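Inspection log for the structure reproduced underneath, given as structure tokens.
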Protein chains: 6
Amino acid sequence: MPNPVKDAWKQGRAVVNGWLSIPSAFAAEMMAKGGFDALTVDMQHGVQDYMSTVACFQAIQAHPVVPMVRVPWNEPGIIGKVLDAGAMGVICPMVNTAAEAKALVDACRYPPIGLRSFGPIRAAVYGQGSGYFATANEDVAVIAMIETKQALENLTAILDTPGLDGIYVGPSDLGLSHGLVPKLDRDEPEILAIYDRLLAETKKRGLICGIHNGTPEYARTMVDRGFKLVTTSNDSALVALGAIRDVSIMRK
Amino acid sequence: MPNPVKDAWKQGRAVVNGWLSIPSAFAAEMMAKGGFDALTVDMQHGVQDYMSTVACFQAIQAHPVVPMVRVPWNEPGIIGKVLDAGAMGVICPMVNTAAEAKALVDACRYPPIGLRSFGPIRAAVYGQGSGYFATANEDVAVIAMIETKQALENLTAILDTPGLDGIYVGPSDLGLSHGLVPKLDRDEPEILAIYDRLLAETKKRGLICGIHNGTPEYARTMVDRGFKLVTTSNDSALVALGAIRDVSIMRK
Amino acid sequence: MPNPVKDAWKQGRAVVNGWLSIPSAFAAEMMAKGGFDALTVDMQHGVQDYMSTVACFQAIQAHPVVPMVRVPWNEPGIIGKVLDAGAMGVICPMVNTAAEAKALVDACRYPPIGLRSFGPIRAAVYGQGSGYFATANEDVAVIAMIETKQALENLTAILDTPGLDGIYVGPSDLGLSHGLVPKLDRDEPEILAIYDRLLAETKKRGLICGIHNGTPEYARTMVDRGFKLVTTSNDSALVALGAIRDVSIMRK
Amino acid sequence: MPNPVKDAWKQGRAVVNGWLSIPSAFAAEMMAKGGFDALTVDMQHGVQDYMSTVACFQAIQAHPVVPMVRVPWNEPGIIGKVLDAGAMGVICPMVNTAAEAKALVDACRYPPIGLRSFGPIRAAVYGQGSGYFATANEDVAVIAMIETKQALENLTAILDTPGLDGIYVGPSDLGLSHGLVPKLDRDEPEILAIYDRLLAETKKRGLICGIHNGTPEYARTMVDRGFKLVTTSNDSALVALGAIRDVSIMRK
Amino acid sequence: MPNPVKDAWKQGRAVVNGWLSIPSAFAAEMMAKGGFDALTVDMQHGVQDYMSTVACFQAIQAHPVVPMVRVPWNEPGIIGKVLDAGAMGVICPMVNTAAEAKALVDACRYPPIGLRSFGPIRAAVYGQGSGYFATANEDVAVIAMIETKQALENLTAILDTPGLDGIYVGPSDLGLSHGLVPKLDRDEPEILAIYDRLLAETKKRGLICGIHNGTPEYARTMVDRGFKLVTTSNDSALVALGAIRDVSIMRK
Amino acid sequence: MPNPVKDAWKQGRAVVNGWLSIPSAFAAEMMAKGGFDALTVDMQHGVQDYMSTVACFQAIQAHPVVPMVRVPWNEPGIIGKVLDAGAMGVICPMVNTAAEAKALVDACRYPPIGLRSFGPIRAAVYGQGSGYFATANEDVAVIAMIETKQALENLTAILDTPGLDGIYVGPSDLGLSHGLVPKLDRDEPEILAIYDRLLAETKKRGLICGIHNGTPEYARTMVDRGFKLVTTSNDSALVALGAIRDVSIMRK
């Protein structure tokens, strides 16, 4: 603390994020060597639970990378637990209404902004100066995923929820919600138009807009478009694709 | 069973091997998708122990890939345990004398060839036909690592140990033992000469010779040279190098 | 994929199901040897959590048995996670209203049928042909537990929920809800009458009806009655009862 | 069973409680040696999940100490699981309304009092006489945390919820809710006045009132004040403060 | 402490022993309900390691059953660890010479009898009266497995090793060593003659003789023959055989 | 790297060491907050194995404390593994002869000093500058435990073994070996005389002498006596003694 991810956003810089799907602290250390600004444990679709998240956080603590979590769902129990474990950012899936956005903020922020319960058992170990509590509401990044038609319909109300730092696009679910196949790195004009709307609406409010990507090459184009949080790499995909590539070199 | 790795050797084909250093069954599944002939859990230098080895074996059982282990050391307790857990191949580090080669065979083979104790608790689940015991001595691959000057001095006696299927070169330790820096994918003429000696001596006896490599490109040259077991990829290196590559694309 | 459990139902066959309560991949392998059509990890009353469920799935993947889960509760976070981990069937406890049935379907089915979020990280490894997504909505079995008076009152509305494959009876809770002691393998006429109503109402709609049993002998009578998903065995009960039996033989 | 904690309350004695934050069965055994009346696994702010809770319960089963849990949140899935695992007491955070108190009781009590689902897989191992079910509703302690202004506003309705055994004060959150810094062992008169109101209102109804403390010295004053469940010690704090104390002795 | 297993032997009673192969504390609790005199964690052929052994010990501590271990091999490191963890009996595989028997005793007994290092971190928690150390050398059962021709040749010297409590027959390995198939519950006259010799030689010296069995029925005949430690049941076999039996009832 | 523990010794300062017996990365973080110079995972008598050691190392990596290990025994397999995992110091129990001291050095040092195999999978992540290999032989502290009469008889030969950094006294075993009760913080003149001999003999050779203590108060006297590595605190003792103390305050 303070949170380098939020510092980057204050300075207008995009945050390069890695995704941890393998439930292994050692794999997390390998990712931490990569030089990402942030590493996000994917508790929703990754093979991760609370204990593996704690282990990953412990493993990357020595590295200059911000620990974040995509929580499995907008549920206060687990959100509180990962924050207490030291998450400096929470990405929450399927925030489709203002009430859901408010619930997310309530779970992430201490009173009077929200309703988070106090007990930062591991987080406080790594707080500094006047301590974790003094700046937690300022330092923790709270990000709502916008990935359905319903969310787009409620966009204004969601974005106007006090206490939110920004939004994050899930291209697969957004596509599914629009009757398209689920995939990343999309180029359908209707989807790109949505992206631009999200960028404009967030910028207008001083919020950031992030997006999940399948390749760093595509992620770069998203940074150019204005996204400030871009995930470029997934540990399990690095293994799977690297293995296929290496074997194919041998089989040629 | 029977063991496709040993079938490949009977047919003169080289076995493409992946290396499991991440103690995660899920990472092992990602490797198994790659199409390797065999996957070896590295209990010596990898972040693996007995339980993670069992989990990796369970995870790759559904894939057409042969489960092998590099044991942490030439110790009968752990060698017996990984065989009982289903290892179809054992690579043993630092076999420097004929006595050590004999101890390795004793730990891997049932009487009358060796002294392995009977109790293939998980291995027997996946035996076929007349059962695990009937063919285990035939099916399990027993491989001694040759990676020191001392081993080279004792090479003939080591290779003449009944019950051995072959040897495996550890280029880093072999280099260290010769006063060179530890690294893979070596090109020093003195080292390549050793490789050729190992290839000739094993071929003469109907044994196979394998080698650890840092890249598939180098591994291909080793297959051309005559090596029949080539490790091309390490899961933790795939993560670490992939992360560095992806971030560097973003930072450019 | 396709899901042999759903194939069986299409052909009118009853599915013999085993229950995994021990959080051990190795115990799951022992169960998988038994020849069950399906194995269900009991995350509600079993000593199981998400990680042990993944480990059990990995352990039984090599066996011709369908991996299913009884989720701990009708909560979208955990339902999504077990499906992404490869569950081909979800049994959900305490579905008492049509709204709860709808919530279950929403958590299990991709749009446009439901609201499941896309990211089948492990499930997709074992999808085939056109891939996991193409047939997941068809292949995954979604089963609501009917185990309270309230559920019986709302039965029609629950059964008419689109996207449900069937229901599953929890005899202990159903008994409790009717003021009876909690037990399996019931023979009270009032309970059997409920069973027949459930069988008739599901059959009418092309849904299946399943039931939890304490013994295979009783389960057979339930198959004769018309149940198409019968659990016959619980790994922890096999250990506990087997231990008692063996010791009693010794103590005689 | 019966539950010594409830026996103590019947006799008017205060229960001395230890807090388990370290996810280690061995650490739990060390705590169990201490002589506490009860040990509570803190699944909310502690580094604990379901599996570590089960392990802690197993570890302390041989000791004369009552296993309890602070659940992560008022969610029926996890409450049912910890009760099935053998919890004899449930402390639930953030019970702010009568509806929330009712939901807590529903999750903890079997019908007809509540809606708990039957399947006490581990709990039943340690039931006695006529078995776990016969006395579970009587034996399990159900405790609602009162830690917000909202809870105080709804206090009467919360306390009048049938099936509750008592309440437990979270001083940090209670302070936060009143605009004060989060801390334990408070001495603000306005807070002490709240304590006295809680003591009076619970006593009037035959309920107990408990409180979380930072030191045994403060806890003693709370026992004198009338609190019947006082937490005095936290395993992770014993390690952290003990380490600091020992090093400071060396550095002097 | 004192050790009921050694008490039984003093009184001439046979000890009924269960075998723990599943690495799960919960499975161990299920076994502990069975009423065995002792439960032995099989670290050699079972899917067990040190941590799972500790967990099993913790799980059975509340039950009136003696915790024992079959160690993976005659290695002082692991033998010391399981004793410190609370093992009250050590069964050691493949003791073939007097030197190996002496090494086993050295690892299990404190000076002046042996060389065990002091630090009974978990064991001491459950010592009584004057403490663990005072009676450990007396209380711990040290058992050498006799399962090869070589051991039979060295039998006298092995049995005369001071500090040994007895021996344990491994019928599979003993058979293998004699050119027979590996199996339990043997009836070859030559093997039974060996059993009788072992019984006579141990009895003569006040040592006990135990044997591993496949069924309680066979074990009873071994008790009648004079064996004082009979293993009758294996948790993984209870699951595997129970599953097969239950499914076969359904498939009839 | 370089290793602050060895720097301290070069400067003549005593190293204050904490002892990790609880197999929990979180407990290790609590210890790391204490301000110790080094933390040693006790794999011999502590409830630790390889995986818990790795987790503890990951957890303390962010803290200015040197990770060390007491290995379970003088076995090259596990010594290599903990060094590869990042141990910067190895304390080895029961080094009683020069041959055992040489074996320890062989396992800890790369050629040409020893025989350590190259593959510092996690250690290398935290190496600096020219990398882990370049300075590992210099940076790793290798410490032999002197804790038997036999070791004292062989003291000169042990201390003259090239590659050793020092010795460490185990007072309990040393006492046992001399016919005394096992305990720490000894004051028998004959034992103190041994300490002084060890201090003199090590000082003469530029080696350090360390000692295991039960309290920081006693440890201070040992620093004054000349010991340069003093363990003052054990995490499990902090829990156990703290729990007893806190409960006794309540019970007064």
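First the proteins, then the strands, lettered A, B, ... as listed; each starts at 1. What you see is a predicted model; the values in this text were computed from it and never measured.
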key: B:I249 vs A:T232 side-chain heavy atoms within contact, under 4.5 Å   = no
ask   = Going from CE on B:M30 to CD1 on A:I244, what distance comes out if it is rounded to the nearest 0.5 angstrom?
value = 9.5 Å
note = B:R245 and A:R245 have their tightest heavy-atom pair at NH1-NH1, 3.5 Å
inquiry  = I'd like to know whether NZ of A:K203 has more than 12 heavy-atom contacts from other residues, nucleotides or ligands below 6.0 angstrom.
reply    = no
ask   = Which one of B:R251, B:E217, B:M31 has the most heavy-atom pairs closer than 4.5 Å to chain A?
value = B:R251
ask   = What part of B:F36 lies closer than 4.5 angstrom to a heavy atom of chain A: side chain, backbone, both or neither?
value = both
ask   = Does the side chain of A:V230 come within less than 4.5 Å of B:M250's, by heavy atoms?
value = yes
inquiry  = With a 4.5 angstrom heavy-atom cut-off, is it the side chain or the backbone of B:S24 that approaches chain A, or both, or neither?
reply    = side chain
key: Taking every non-hydrogen atom, the tightest pair across A:D246 and B:S233   = OD2-OG, 2.6 Å
remark   = Closest non-hydrogen atoms of B:V239 and A:A27, given as atom of the first, atom of the second and distance, are CG1-O, 4.0 Å
inquiry  = Heavy-atom cut-off 4.5 Å, strictly under: side chain, backbone, both or neither for B:N234 against chain A?
reply    = neither
